[in-house]
Amino acid sequence: MGLEKIVGTMRDNLTVRRVYGEPVEKDGVVLIPAASIIGGGGGGHGTEQGKEGEGGGFMLAARPVGAYVLKGGEVRWVPATDRTFLGLVFAIMVATIHKARRRAQVRP
C-alpha cells in the first residue's frame with residue numbers, strides 16, 4: 001500500500017462519523033451513541049543502494065463513552081461504564097489492602 005493511499009485511508013476514517021454512531025429509535029426514544037477515537041499513522045519514502053521504497057502504517061482505536069438520549073423533547077447524556085476497568089481497579093485495590101495487612105501482621 002502506497003503512502004498516498006494510507007494518508008487517504010486515515011483521512012476517511014478519522015471523522016466525526018466515527019465518534020457519533022447512527023441514531024437508534026425505539027418507542028419514541030432516540031439514542032445517539034458516542035465513542036472516544038484515537039488514531040495516527042506515519043510513513044516514509046527513501047532510496048538506498050539505488051532502490052526506492054515507501055511504506056507506512058495506520059492505527060485507529062475506539063471505545064464507547066456514552067450516549068445522548070432524546071426523549072419527550074429533552075436531551076440527556078448517559079455515560080458508558082467500563083465494567084472491566086472498574087473490576088480491574090477493584091481487584092488491584094483488594095490485593096493491595098491484603099498485602100499491606102499481611103505485612104503489618106508480620107512486623108513485630
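Bear in mind that the values here come from a model prediction, so they are computed numbers and not experimental data. Along the sequence shown, the residues carry numbers beginning at 1.
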Query raised in the report: Quick one: do Val65 and Val78 end up in the same hydrophobic cluster if we chain Ile, Leu, Val, Met, Phe, Trp and Tyr together by side-chain heavy atoms under 4.5 Å apart?
Result: no
**Report entry** More than 12 heavy atoms of other groups within 6.0 Å of Glu74 CD
**Finding:** no
Query raised in the report: What about Trp77 and Ile32, same hydrophobic cluster or not, with Ile/Leu/Val/Met/Phe/Trp/Tyr joined at side-chain heavy-atom distances under 4.5 Å?
Result: yes
Query raised in the report: What are the two closest non-hydrogen atoms of Pro33 and Ala67, and how far apart are they?
Result: CA-CB, 4.0 Å
Query raised in the report: If you measure from CG on Leu88 to CE on Met93, what distance do you get to the nearest 0.5 Å?
Result: 12.0 Å
Query raised in the report: Taking a hydrophobic cluster as the set of Ile, Leu, Val, Met, Phe, Trp and Tyr residues connected by side-chain heavy atoms closer than 4.5 Å, whether directly or through intermediates, do Tyr20 and Ile37 fall within one such cluster?
Result: yes
